[in-house]
K.L.:
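Supplied in structure tokens, the structure appears directly below.
In this chain, residues are counted from 1 in sequence order.
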Amino acid sequence: MSKPSVLKVSRANAVKLENFRQSLYHEAENLFCNYIPLKIVQMDALLKDDTLSITDMDSLRAPLEIPIPDPPSPEDEEMETDNDEDEKKKKKPPKCGFIKGNEKITNLLEKLKPEIVALRETMITVSCWIQHLIPKIEDGNDFGVAIQEKILERITAVKTKVDGFQTNINKYFLERGDAVAKASKETHVMDYRSLVHEKDEAIYSEIRVIILDIRGFYAELHDVISKNVEKVTNPKGEEKSPMY
């Protein structure tokens, strides 16, 4: 029994699929004509905002409401012997209450996270659009298809890097939380307090780099499509472009 050479799709489903394709084409057109240029401008403005133009890193520091224990008196030191290990174990660090996060950093992250999601969704939409424009495999005249595949490869690489943005944010909260926990437990060790501030300064710089990358990815995507729009939308050069 021979296999069918054509997939049988009902007329109703065929109409739905065609409507989806046309909607996808219109969405892609809007992305490159309106949305992506707007995003480039927005990211550029965000980078110039006062909240992302801080040069004095000390101003980023959030107060740590962790009591600093009093140093032992000379009398206490003299009374300490090798036999009072149990007493040392009983000593507890001063209790500290609710320790807030760094509000300046969390406010910036609240602005950044939706932009990461928006870029990821844009990349998925553009990738889907290009996939629908790839013609069936035939011999010859595949230069346009090669361009489509190169763009898809780049989009895949960008998506991988964008996924890493969220991982870096999660890592910041985890590592800062560990540093705060250590600072609240070992209250006499000032290095743990300094480590908390170092984590804040590091993520602040990382936030700027991420926004620079997002702006760059949008600009790169818009540029490569604009320069190769005919080959992308009409790789075989046989039909009218479905985008324009």
K.L.:
If we ignore hydrogens and angles and just use 3.5 Å, is the side chain of D223 paired with the main-chain N or O of A219 as donor and acceptor?
P.N.:
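Not at all, since once roles are kept as given, no pair shorter than 3.5 Å links the two residues.
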
K.L.:
If I compare all heavy atoms of M57 with all of Y204, which pair ends up nearest, and what's the gap?
P.N.:
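Distance-wise, the nearest heavy atoms are CE-CD2, 3.8 Å.
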
K.L.:
Regarding E103 and N107, do their side chains bring together a donor and an acceptor under 3.5 Å, going by distance alone?
P.N.:
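Not at all, the side chains of E103 and N107 share no donor-acceptor pair under 3.5 Å.
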
K.L.:
Is there a path of hydrophobic side-chain contacts, each under 4.5 Å between heavy atoms of I/L/V/M/F/W/Y residues, joining L47 to L112?
P.N.:
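Per the 4.5 Å side-chain linkage, L112 and L47 are co-clustered.
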
K.L.:
Is the backbone of V15 close enough, under 3.5 Å, to the side chain of N19 for a donor and an acceptor to pair up by distance?
P.N.:
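Looks like yes, one N/O pair under 3.5 Å.
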
K.L.:
Please say yes or no: joined through hydrophobic side-chain contacts below 4.5 Å, possibly via intermediate residues, are L221 and Y25 part of one cluster?
P.N.:
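Looking at the clustering, Y25 is in the same group as L221.
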
K.L.:
Would a hydrophobic clustering, with Ile, Leu, Val, Met, Phe, Trp and Tyr connected at side-chain separations under 4.5 Å, put I134 with V232?
P.N.:
yes

K.L.:
More than 12 heavy atoms of other residues, nucleotides or ligands under 6.0 Å from NZ of K182: yes or no?
P.N.:
no

K.L.:
For the side chain of N102 and the backbone of L60, is there at least one donor-acceptor N/O pair under 3.5 Å apart?
P.N.:
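Yes; judged by distance alone, with no hydrogens or angles, the pair exists.
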
K.L.:
Side-chain polar contacts of residues 114-126 - donor-acceptor pairs under 3.5 angstrom, sequence neighbours left out - could you list them?
P.N.:
residue: E115; atom: OE1; partner: K39; partner atom: NZ; Å: 2.9
residue: E115; atom: OE2; partner: K39; partner atom: NZ; Å: 3.4
residue: R120; atom: NE; partner: D163; partner atom: OD1; Å: 3.0
residue: T122; atom: OG1; partner: A118; partner atom: O; Å: 2.9
residue: T125; atom: OG1; partner: E121; partner atom: O; Å: 3.0

K.L.:
Taking the basic N atoms (NZ, or NE/NH1/NH2) and the acidic carboxylate oxygens, is any pair closer than 4.0 Å for K48 and D44?
P.N.:
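Answer for the salt bridge query: yes.
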
K.L.:
Just jot down the side chain to side chain contact (heavy atoms under 4.5 Å, CB included) partners of D58, sequence neighbours excluded, or say none.
P.N.:
D56, R61

